[in-house]
Structure formats: structure tokens, C-alpha cells
Amino acid sequence: MTTGGVTMGAAAHRRRPELAAFLRSRRARVTPADVGMPPGLRRRTPGLRREEVAQLSGVGVTWYTWLEQGRPINASPQVLDAVARTLRLDTPEREHLYRLAEVAYAAAPERLSRSVGAEVQGIIDALDPLPAVVYTSRYDVLATNAAYRDLFLVPETVRIGVPNVLWTLFTVSEEACPVVHRERELPTMAATLRSSYGRHVGEPAWEDFIRALSRSSPHFARLWASGAVAQLGPRVKTFRHEAVGELRMTSQSLSIDGMPESRIVVYTPEDERTREKVALLRERRQRLWPVTDEEAAEIMREWNTENPGL
């Protein structure tokens with residue numbers, strides 16, 4: 001089998017020497033004192049010996065020796081985890097070990113971020129007058145810029161008091177909902193949530209959120225029960241605002257380094273008329289959106305305090 005001009009067999013052959021070198025280098029940096037063992041005599045290197053790694057990992061010396069030599073042997077996730085613990089591998093190193101050993105890597109459940117740093121906030125603020133927001137994979141709202149608040153935070157959505165766009169859109173009245181064509185958009189968002197949910201099945205925070213939203217919105221409950229799944233992608237959406245009417249915007253998601261479960265979503269005008277309306281909203285901001293940045297942030301802080309598990 002060939003991928004990008006390189007046969008899969010050749011790729012595997014190149015991984016084995018890399019696996020051998022990687023394990024040797026990680027073993028060399030772990031001293032006997034690090035793992036509660038006496039230093040012993042006549043050590044040629046400060047690191048652990050192969051037999052010590054095998055003993056501490058609960059595997060056979062021959063098997064570990066073959067693994068470190070890059071021989072084509074089978075390794076289970078449980079055994080690799082034991083070796084990784086002995087060698088004190090961090091998360092990127094553990095994933096690297098799995099890939100070199102050709103074993104599917106299952107990352108530990110990620111705890112969703114609850115805030116963003118000043119740098120990310122500065123980026124989305126600089127995008128004004130384009131609406132921009134930081135969402136988690138569960139559609140929690142971590143940060144917004146003023147243009148986003150112009151568009152979405154109408155009085156009824158503020159009264160809902162839950163900084164989660166799914167919760168807002170499924171529980172706000174149809175008359176006050178800023179999204180036009182809810183019959184098309186809401187099923188897509190629920191299906192996108194299910195795609196993210198696949199990485200968090202059984203986690204209490206996710207299960208509690210889904211149950212709570214299902215109780216609050218029979219519409220969401222029906223969509224969730226359908227089992228539909230969709231991936232994120234650019235979409236043209238139509239929004240309404242009582243001051244300027246309908247706006248056609250294209251949504252685009254951008255990843256954030258160090259926050260794998262979060263993304264920046266930016267909305268750009270789809271046509272010149274919408275661009276003019278976005279500029280108008282910016283000009284009239286203080287009258288149309290009387291809540292200050294500090295007050296909007298306080299809404300999020302209060303909700304996070306009252307719902308620490310979600």
C-alpha cells in the first residue's frame with residue numbers, strides 16, 4: 001500500500017529505529033532515585049537499565065528488550081501505559097510512543113477550558129467589527145468581542161443567564177432567537193455536538209449537560225435521540241437583529257494552540273448590505289447594547305460559580 005509515495009511497510013520500517021532511539025533516550029533520563037531504587041554499583045549510565053524498566057513496568061525483560069530494539073512485536077495499550085509511567089512520559093511523549101509502536105492512542109479526557117488568556121481575548125477584540133467568540137466543543141461561551149454581543153446578546157438571551165450558545169438557542173423564544181431558519185441550523189448544531197460528545201461519553205459533566213438541556217428543551221431532546229452526527233465547517237447563516245433586520249454571515253472556526261477543545265469562531269459578512277449593517281451596529285453600540293464588557297463577563301463568572309461541574 002502506498003501513501004504519498006511512501007509504502008506503508010517502509011514507513012513502519014522507519015518507525016522502528018525511531019522507537020528504539022526514543023525509548024533509550026527516555027530511559028537514560030530516569031535515575032534509580034527517581035523511582036525509589038538504590039543506585040547500585042558499576043552503572044555505565046545514570047539512567048535505568050532495561051531489566052529495571054521491565055521490572056517496574058511488569059513486563060518480561062526479553063519483551064522490553066525487543067521493544068527497545070524496535071523489533072516488530074505486538075504491544076497492548078495497557079503495556080505501553082505501564083512503560084510510559086515507568087519512563088515518566090508526559091502526554092505528548094506518551095502519544096509519540098503509541099504512534100511509533102503503531103498502537104491506537106486514546107487520549108485522557110480533556111477538561112474543558114473555563115476561560116481564555118489576555119492574548120486570545122486581544123485577538124478577538126481586534127477582529128471588531130467582525131463578530132468573534134471562543135466556544136468549547138460543547139458550545140460553552142468562553143469569550144466574546146463587542147461585535148458578537150451586538151449580534152447575539154439581545155435582552156432575552158441575557159436573561160437566560162447560561163453562557164452556552166446551544167442552551168440559549170434551544171431555550172429562547174422563537175421571536176427573540178437571533179438565528180433565522182432554526183429548523184435547519186439547530187439540527188446541525190445538535191449533530192455537531194454529538195460529534196464532540198464521542199470523545200466524552202460517560203463523563204459526568206457532559207452527561208449532566210445533555211440531560212439538563214434535554215429537560216429544558218424537548219426539541220433538543222428529539223434531535224439528540226435521532227443520533228445524527230455532523231462535523232464543523234464553514235457555513236452561511238442568517239441572523240436577525242431588531243435594529244437592522246437580517247444579516248447573512250459566514251462562520252469560520254479557527255483552532256487555538258494549547259486549547260484543543262476550544263475554537264475561535266468568526267462571522268464575516270456574506271454580502272455588502274450585511275457589511276453595512278454590521279458597521280451600523282458598531283456605530284450604535286452603546287444604545288443598542290447597554291451591557292458593558294465587565295457586566296457580560298460577570299454573567300459568565302456567576303454561571304461558572306453556580307455550575308462548577310458543567
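No experiment lies behind these values; they were computed from the predicted model shown. All values below come from the heavy atoms of this structure, side chains included, with hydrogens, waters and symmetry mates left out.
- Here the rule is side-chain contact (heavy atoms from CB on, under 4.5 Å) with Y135, and of L142, V165, D140 only V165 fits it.
- Of all the heavy atoms in P129 and A147, the pair that sits closest is O-CB, 3.4 Å.
- Counting non-hydrogen atoms of neighbouring residues, nucleotides and ligands closer than 6.0 angstrom, the CG atom of D90 exceeds 12 such neighbours.
- The shortest side-chain heavy-atom distance between R27 and E68 falls under the 4.5 Å cut-off.
- Side-chain atoms of T188 come within 3.5 Å of backbone N or O of R184 as a donor-acceptor pair.
- For the pair Y98/P77, a side-chain contact is recorded, criterion being any heavy-atom separation below 4.5 Å from C-beta on.
- Listed for the R182 side chain is no donor-acceptor partner under 3.5 Å among the backbone atoms of P187.
- Just one residue in the list L48, V30, L67, L23 forms a side-chain contact (heavy atoms from CB on, under 4.5 Å) with V53, and that residue is L48.
- Of all heavy-atom pairs between F220 and I210, the closest is CE2-O, 4.0 Å.
- Although no hydrogens or angles enter the test, the distance criterion places no donor-acceptor pair under 3.5 Å between the side chain of Q252 and the main chain of V266.
- Using a 4.5 Å cut-off on side-chain heavy atoms (C-beta onward), V278 and L130 make no contact.
- For the pair R248/R273, no side-chain contact is recorded, criterion being any heavy-atom separation below 4.5 Å from C-beta on.
- We find the OH-CD1 distance between Y64 and I73 to be 10.5 Å, quoted to the nearest 0.5 Å.
- Checked for salt-bridge contact, D150 and R282 miss the test: no charged N lies under 4.0 Å from a carboxylate O.
- Distance CZ/R24 to CG/L19: 9.5 Å, rounded to 0.5 Å.
- Considering every non-hydrogen atom in both E52 and R49, the closest pair reads OE1-N, 2.8 Å.
- If you take CD on E119 and CG on D257, they are separated by 9.5 Å, rounding to the nearest 0.5 Å.
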Fill in: Intermediate values then yes/no, salt bridge (charged side-chain N to carboxylate O under 4.0 Å, His left out), E93 and R85
CA-CA 11 Å; E93 290 171 332; R85 284 193 297 270; over 6 Å; no

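- A salt bridge is defined here as a Lys NZ or Arg NE, NH1 or NH2 lying under 4.0 Å from an Asp or Glu carboxylate O, and E270 with R275 fails to meet this definition.
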Discussion item. The test is salt bridge (charged side-chain N to carboxylate O under 4.0 Å, His left out); show your working for K277 and E246 and say whether it passes.
Written reply: CA-CA 9 Å; K277 292 179 179 180; E246 292 190 357; over 6 Å; no

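- Remark: side-chain polar atoms of R138 are not paired, donor with acceptor, to backbone N or O of E261 under 3.5 angstrom.
- At least one donor-acceptor pair closer than 3.5 Å links the side chain of R263 to the backbone N or O of T136.
- In this structure, S251 and K237 approach most closely via the heavy-atom pair OG-CE, 3.9 Å.
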Item to complete: Please step through salt bridge (charged side-chain N to carboxylate O under 4.0 Å, His left out) for the pair R94 and D81, ending with a clear verdict.
Response: CA-CA 8 Å; R94 185 184 297 258; D81 277 344; 3.1 Å; yes

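- One distance of note links CH2 of W167 with CG of L213; it measures 5.5 Å at 0.5 Å rounding.
- Remark: the backbone N or O of F22 is paired with a side-chain donor or acceptor of S25 at under 3.5 angstrom.
- A cation-pi arrangement is absent between R222 and F170 under the rule of less than 6.0 angstrom and at most 45 degrees off the ring axis.
- Not a single donor-acceptor pair under 3.5 Å links the side chain of D125 to the backbone N or O of N145.
- The neighbour count for R211 CZ, taken as heavy atoms of other residues, nucleotides or ligands under 6.0 Å away, is above 12.
- Contact annotation: the side chain of V141 never approaches that of N164 to less than 4.5 Å [non-hydrogen atoms, C-beta and beyond].
- Within 6.0 Å of CH2 in W63 there are more than 12 heavy atoms belonging to other residues, nucleotides or ligands.
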Practice prompt. Output, in order, the C-alpha distance, side-chain angles, deciding distance and verdict of side-chain hydrogen bond (donor to acceptor under 3.5 Å, both in side chains) for T171 and S216.
Written response: CA-CA 7 Å; T171 60; S216 298; over 6 Å; no

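- Annotation: side chain of R29 is not in contact with side chain of L87 (no heavy-atom distance under 4.5 Å).
- Between the CD atom in E95 and the CG atom in L89 there is a gap of 12.0 Å [rounded to 0.5 Å].
- Within the 4.5 Å cutoff, side-chain heavy atoms of W206 are placed close to those of L193.
- When all heavy atoms of S195 and A230 are compared, the closest pair comes out as CB-O, 3.2 Å.
- Side chains of H219 and L186 form a contact here, defined as non-hydrogen atoms less than 4.5 Å apart.
- One distance of note links OH of Y267 with OG1 of T274; it measures 14.5 Å at 0.5 Å rounding.
- Smallest separation of non-hydrogen atoms from A84 and L97: CB-CD2, 4.3 Å.
- Looking only at distances, no side-chain donor or acceptor of S217 sits under 3.5 Å from a matching main-chain atom of S214.
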